[in-house]
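Encoded as structure tokens, the structure appears first; notes follow it.
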Amino acid sequence: MSEEKSLNFIEEIIEKDLAEGKHASIITRFPPEPNGYLHIGHAKSICLNFGLANKYGGKTNLRFDDTNPVTEETEYVESIKADIQWLGFSWANEFYASDYFEKLYEFATTLIKKGLAYVDDSNSDDIAKQKGSPTVPGVRNKYADRTVEENLELFTAMRNGKYADSEKVLRAKADMSSPNMHMRDPIIYRIKHAHHHRTGNKWCIYPMYDFAHGQSDSIENITHSICTLEFIPHRELYNWFIDKLAIFPSHQYEFARLNMTYTVMSKRKLLQLVNEKHVTSWDDPRMPTISGMRRRGYGAAALRDFCDKIGIAKRENLIDLGLLEFCVREELNKTALRRMVVFHPLKITITNFDKEVEWVNLEDNPEDPNTTYRQVPFSKEIYIEQDDFMEQPPKKYFRLFPGGKVRLKGAYIIQCDEVVKDNENNIVELKCTYIPESKSGNDTSGIHVKGTLHWVSIAHAINAEVKLYDRLFKVENVAEAEGDFKEYINPDSLQILDKVYAEPALANVNFDDRFQFLRKGYFCIDKDSTANQIIFNRTVTLKDGWAKEVKKQS
RNA sequence: UGGCCUAUAGUAUAAAGGUAGUACGACAGAUUUUGAUUCUGUUUGUCUUGGUUCGAAUCCAGGUAGGCCAACCA
């Protein structure tokens, strides 16, 4: 069948492994270091790892790679778990590399006994120098000749806290002339008298990534250990340890990490944005973090759909932010409640409308065949959007202008009779007449208008605050832009409208509601809202064909 | 310039020696009580040079371009 979705290269490997009986079922893992918040790039990895397990009937462990106590905190552990759950995935086990510290210590001891590890007293500069360069082989120092007994004794003393930080390290005895720098007797244990978020002060030596990750995979019987491209050079070491320790042979596979236009994805840079207050927090709606996107109103299904659409490959990529926005809109279009909100009001008085109020019936969501309805008050004085009126309209403008007609969504067709201005020639009000036979739903007027505007009855309007977000950076490829990335921050990424006019249905809302403000965009309720002041975040704009037309004309 | 990875429309991603397809974008049109949505159509591509073959995006050889690797980070 041509409908069948093609496989990515990792799925191909898995299907082959399964078909050959290499594994009865697969186990994957998502291994974040708890030193920051998860971002959309992590979402790609999460969807991959959990998605693979779901697809092939396997399971996925959540494993915190917490081998560096100085950068890791419980706060991050909690946020990571919340983000994964929100994305809609469940882990089979919650593990920590720190669960395995004792086991890893034994592994190190095993290596020492096999003559494959030694304690080195050199400082980091000397170790770096002795490593050589990609073109110059490294040389071993005298410490490499220590006996097994001496190494065992020193390593035990390291563990027991006899030495200060940096005084000694444990190194694997691998291959000092390997073209792969990671094989040149890598450091596998270092001394850090630091408090660990889980093990407290129990340990003062900690394994390095290379001596923890593969072994942790192996301990958990991970069949397919999937990481990003920059770990390719580590794979040789990963396999070396598994081989020398003769433990379960997990295998590492690498895919290209996600890059997106108009944002940054490195934890270092994101941390900088937060610390230097370019954004308010990790969950600032402009951040590419999962928590930021959640707060902005992006749906979990949209994020999963996005991760599915971008695919998995080994080529460097830069994904268009527009694709993410497409996924977000696609989900919201089906679910968001339609409401009318005027951002920049222009008063209209309907001179021939004499009732105090007329309640009109509007669909909550026309995309939903089973849509519910709401009552919206229509009255003599209403607001429309300032840019829905022009005294001298350009070509193809089919909003309101002097003598022109438009429909007010769900209500009547009106005609603009008079423009009222103040002393400074600003338009302050429009006098209009409505056509009584044109009522929405039973229009017998025979009049056809091209434009339909959103509106709100002044007397019934409620006030709210709206936060409009735009891309965080001014340039597409921030990583490649010259100089400090912070020079490219978009100064207009946040625009606050502290008083907009909303239809009264928005007085009763639930925190989880998603809205489409007609002709304005998709919105959600910000967590900073209070009983007195509701704050809406603009999740994403609607596509704007008119803006495009205007741009073309100019 | 030591080793490793990669190269398909503007951006991603398929095609496992046999019609280069899909999504987003762009453009044009239809529908529309949201200039939204929906629908239809159009446009644009195999890094390069050779070779093998009836036939190459795919296999081989040589170029070229981009990326990664020399943290007591992960």
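First the proteins, then the strands, lettered A, B, ... as listed; each starts at 1.
- Distance CG (A:Leu324) to C1' (B:U13): 16 Å, rounded to an integer number of Å.
- Both tests hold for A:Lys168 against A:Tyr163: distance to the six-membered ring centre under 6.0 Å, angle to the ring axis within 45°.
- Taking atom P in both B:U40 and B:U31, one finds a spacing of 15 Å when rounded to whole Å.
- Between the C1' atom of B:C4 and the NE2 atom of A:His234 lies a distance of 12 Å, rounded to the nearest Å.
- Here A:Glu254 lies out of heavy-atom contact (under 4.0 Å) with every strand.
- Of the candidates B:A70, B:A14, B:C4, B:A14 carries the atom nearest the A:Ser6 side chain, counting heavy atoms from C-beta on.
- Base contact: A:Ser122 has a heavy atom under 4.0 Å from a base atom.
- Only the C1' atoms considered, B:A56 is 6 Å distant from B:G17, to the nearest whole Å.
- Side-chain contact check for A:His454 versus A:Val341: every heavy-atom pair is 4.5 Å or farther apart.
- Only the P atoms considered, B:C47 is 7 Å distant from B:A9, to the nearest whole Å.
- Along RNA chain B, the nucleotide closest to A:Leu318 and the one closest to A:Leu323 are compared, and the more 5′ of them pairs with A:Leu318.
- A:His196 pairs with exactly one of A:Phe64, A:Phe101, A:Tyr96 by the ring pair (Phe, Tyr, Trp, His ring centres under 6.0 Å) rule, that one being A:Phe101.
- For the OP1/OP2 pair of B:C69 and a distance below 4.0 Å, the side-chain nitrogens and oxygens of A:Lys131 include no atom meeting the criterion.
- Residue-level contact check: A:Lys168 touches neither bases nor backbone, having no heavy atom under 4.0 Å from any strand.
- Using a 4.0 Å cut-off between charged side-chain N and carboxylate O, A:Asp544 and A:Lys551 make no salt bridge.
- Using the six-membered ring where Trp is involved, A:Tyr189 and A:Phe155 have ring planes that are perpendicular, over 60° apart on the 30 and 60° scheme.
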Q) Passes side-chain contact (heavy atoms from CB on, under 4.5 Å), A:Ile188 versus A:Asp210? Steps please. A) CA-CA 7 Å; A:Ile188 58 177; A:Asp210 284 307; 5.8 Å; no
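- Spacing between B:G45 and B:U11 at atom P, rounded to whole Å, works out to 13 Å.
- Under the 3.5 Å distance criterion, the side-chain polar atoms of A:Arg190 are matched with a main-chain donor or acceptor of A:Pro207.
- Looking at which nucleotide of RNA chain B each of A:Leu7 and A:Pro31 is closest to, the 5′-most match is held by A:Leu7.
- For the pair A:Lys520 and A:Phe343, the cation-pi test (distance below 6.0 Å, angle within 45°) is passed.
- Note on A:His454: nothing from the nucleic acid sits closer than 4.0 angstrom, heavy atoms only.
- Side-chain proximity of A:Lys314 to B:A12, B:A71, B:C5: nearest is B:C5.
- No contact: A:Thr261 has no heavy atom under 4.0 Å from any strand.
- One side chain, A:His213 or A:Arg29, offers a donor N or O that lies under 3.5 Å from an acceptor on the other.
- Across the P atoms, B:A70 and B:G10 are found 35 Å apart, a figure rounded to whole Å.
- Atom CG of A:Asp126 is separated from atom P of B:C72 by 12 Å (rounded to the nearest Å).
- Contacts of A:Asn317 with the nucleic acid, taken as non-hydrogen atoms under 4.0 Å apart, involve only primed sugar atoms and P, OP1 or OP2.
- Atom C1' of B:U49 sits at a distance of 10 Å from the matching atom of B:U64, rounded to the whole Å.
- Between A:Ile80 and A:Glu33 the shortest heavy-atom distance is CD1-O, 4.1 Å.
- Residue A:Thr71 has no polar side-chain atom (N or O) positioned under 4.0 Å from OP1 or OP2 of B:A74.
- Among the atoms of the strands shown, base atoms are found under 4.0 Å from some heavy atom of A:Phe231.
- Spacing between B:C27 and B:A36 at atom P, rounded to whole Å, works out to 12 Å.
- The nucleotide whose nearest atom lies closest to any side-chain atom of A:Lys309 is, among B:A14, B:A74, B:A23, B:A23.
- Looking at RNA chain B, the stems built from 3 or more consecutive Watson-Crick or G-U wobble pairs, each pair with its key distances under 3.5 Å, are B:2-7 with B:64-69, B:10-13 with B:21-24, B:26-30 with B:38-42, B:47-51 with B:59-63.
- Put simply, CZ on A:Arg257 is 17 Å from P on B:U6, counting in whole angstrom units.
- Nucleotides B:A57 and B:G18 have their P atoms positioned 10 Å apart, rounded to a whole Å.
- Relative ring orientation between A:Phe523 and A:Phe517 is described as parallel, the plane-to-plane angle staying below 30° on a 0-90° scale split at 30° and 60°.
- Rounded to whole Å, atom C1' of B:C72 lies 18 Å from atom CZ of A:Arg184.
- As a whole-Å value, the separation of A:Glu15 CD from B:A16 P is 14 Å.
- The nearest whole Å value for the distance from the CD1 atom in A:Ile319 to the P atom in B:C24 is 14 Å.
- For A:Lys552, taking side-chain heavy atoms from C-beta onward, the closest of the listed nucleotides B:A14, B:C73, B:A28 is B:A28.
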(Q) Generate the contact string for nucleotides 33-38 of chain B. Rules: B means base contact, S means sugar-phosphate contact only, - means no protein heavy atom under 4.0 Å. (A) BBBBB-
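- Between the side chains of A:Asp443 and A:Ser438, no donor-acceptor pair is found at a separation under 3.5 Å.
- When heavy atoms are screened at a 4.0 angstrom cut-off, A:Ile413 is found touching no nucleic acid atom at all.
- In this structure, A:Lys192 reaches the sugar-phosphate backbone alone: every heavy-atom distance under 4.0 Å involves primed, P, OP1 or OP2 atoms, never a base.
- Here the C1' atom of nucleotide B:U6 and the CG atom of A:Asn8 are 16 Å apart, to the nearest Å.
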